[in-house]
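The structure appears right after this line, and notes come after that.
Counting convention: from 1, in listed order, for ligands and their atoms alike.
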Amino acid sequence: MPLIRAEPFDFAFDPDSIGLVVIDMQRDFVEPGGFGASLGNDVALLRAIIPTTRRLIDGFRAAGLPVIHTRECHRADLSDLPPAKRNRGNPALRIGDPGPMGRILIAGEPGADIIPELYPIEGETVIDKPGKGAFYATSFAQVLAEKGLRQLIFAGVTTEVCVQTTMREANDRGYDCLLATDATESYFPAFKQAAIDMIRAQGAIVGWTAPTDDILGALA
Ligand code: C5J
């Protein structure tokens, strides 16, 4: 089996059951005027991973391996948005409020869509999720089963929120999970590093980590 040079030890991947999951590379998190910015964050940090994430996606596409995208978003009537989530904190704009890219984190609005640089191509699955994790209240588990996937490479934003939550959910469901360390980012560099450390500690208690070049090298 091909090996990805990874931490805390090599990751043996099965080309018949591996897929890439790109978490929430949406305009609302990565562009000015969206949800991330409304919380006071600097989106430039997140934009820096776009080229690397694009290389990772292109590698999976070239190898004929599945790429799945997620979007954190809610129904227009907010029926899947718990008041506890909408009302938390004191953001400039709340989920559902009108902003420069349409209503914040609402399905179908421009801001909730995936950034043009990483836009899904024909045939790639997009999972809309109302939570931080991709398994909660979605068809993600069913999609993975239909595609026969058992090993998941993770990229996207933000490392310690939606990426880590989804990795933990996947790990508990028996998937082998590997995080591409330079194709994920946080608004808080220290949180990104802490998440990476937590994931791979204790003998890969949540999963493995590796840079994109090592993942692509093994794919090739
Ligand atoms: C957040 C996410 N940070 N995609 N969402 O609210 O990580």
Side-chain angles (χ1 to χ4, degrees), residues 20-50 53 56-57 67-75 78 80-97 99 101-107 109-115 117-120 125-138 140 152-171 177 179-196 198-199 206-207 209:
L20 175 64
V21 182
V22 184
I23 302 282
D24 299 359
M25 289 302 288
Q26 298 162 253
R27 299 183 63 197
D28 264 330
F29 291 112
V30 174
E31 293 187 7
F35 182 59
S38 83
L39 295 171
N41 296 306
D42 176 8
V43 296
L45 274 172
L46 271 51
R47 296 196 63 76
I49 64 159
I50 294 172
T53 309
L56 186 58
I57 292 173
V67 179
I68 298 172
H69 307 257
T70 69
R71 298 184 292 206
E72 180 177 351
C73 57
H74 295 272
R75 297 188 194 125
L78 307 186
D80 61 353
L81 175 61
K85 182 174 179 183
R86 178 168 153 80
N87 296 333
R88 185 125 353 126
N90 191 23
L93 292 172
R94 294 187 187 279
I95 297 172
D97 286 351
M101 295 185 286
R103 293 178 68 201
I104 298 284
L105 285 189
I106 297 299
E109 298 285 340
D113 209 353
I114 293 169
I115 56 172
E117 298 91 326
L118 304 181
Y119 212 74
T125 303
V126 179
I127 302 286
D128 282 348
K129 60 183 184 60
K132 303 303 181 193
F135 287 86
Y136 169 67
T138 73
F140 189 46
L152 304 175
I153 306 292
F154 283 91
V157 298
T158 60
T159 316
E160 80 283 8
V161 186
C162 291
V163 176
Q164 184 176 206
T165 302
T166 304
M167 280 188 80
R168 287 178 181 275
E169 288 180 329
N171 184 52
C177 299
L179 176 61
T181 48
D182 49 1
T184 184
E185 197 47 86
S186 168
Y187 300 116
F188 306 92
F191 290 177
K192 172 182 177 176
Q193 190 56 51
I196 288 172
M198 280 187 256
I199 284 163
V206 175
T209 67

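Among residues two or more places apart in sequence or in another chain, the salt bridge (charged side-chain N to carboxylate O under 4.0 Å, His left out) test is passed with Asp97 by Arg86. In this view, Ala195 and Thr159, Glu160, Gln164 satisfy the side-chain contact (heavy atoms from CB on, under 4.5 Å) rule, not counting sequence neighbours. By the salt bridge (charged side-chain N to carboxylate O under 4.0 Å, His left out) test, Asp182 pairs with no residue at all, sequence neighbours left out.
In this structure a side-chain-to-backbone donor-acceptor pair under 3.5 Å is missing from Arg71 to Ile114.
The side-chain contact (heavy atoms from CB on, under 4.5 Å) with Gln26 is formed by just one residue from the set Leu118, Leu105, Ile115; it is Leu105. Just one residue in the list Asp128, Thr138, Ile127 forms a side-chain contact (heavy atoms from CB on, under 4.5 Å) with Thr70, and that residue is Ile127.
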Mind listing the N or O contacts between ligand 1 and protein, cut-off under 3.5 Å?
unit_1, atom_1, unit_2, atom_2, d
ligand 1, 3 (N), Thr158, OG1, 3.4
ligand 1, 4 (N), Asp24, OD2, 2.7
ligand 1, 4 (N), Val157, O, 3.2
ligand 1, 5 (N), Glu72, OE1, 2.9
ligand 1, 6 (O), Lys132, NZ, 2.8
ligand 1, 7 (O), Thr158, N, 3.0
ligand 1, 7 (O), Thr158, OG1, 3.0
ligand 1, 7 (O), Cys162, N, 3.2

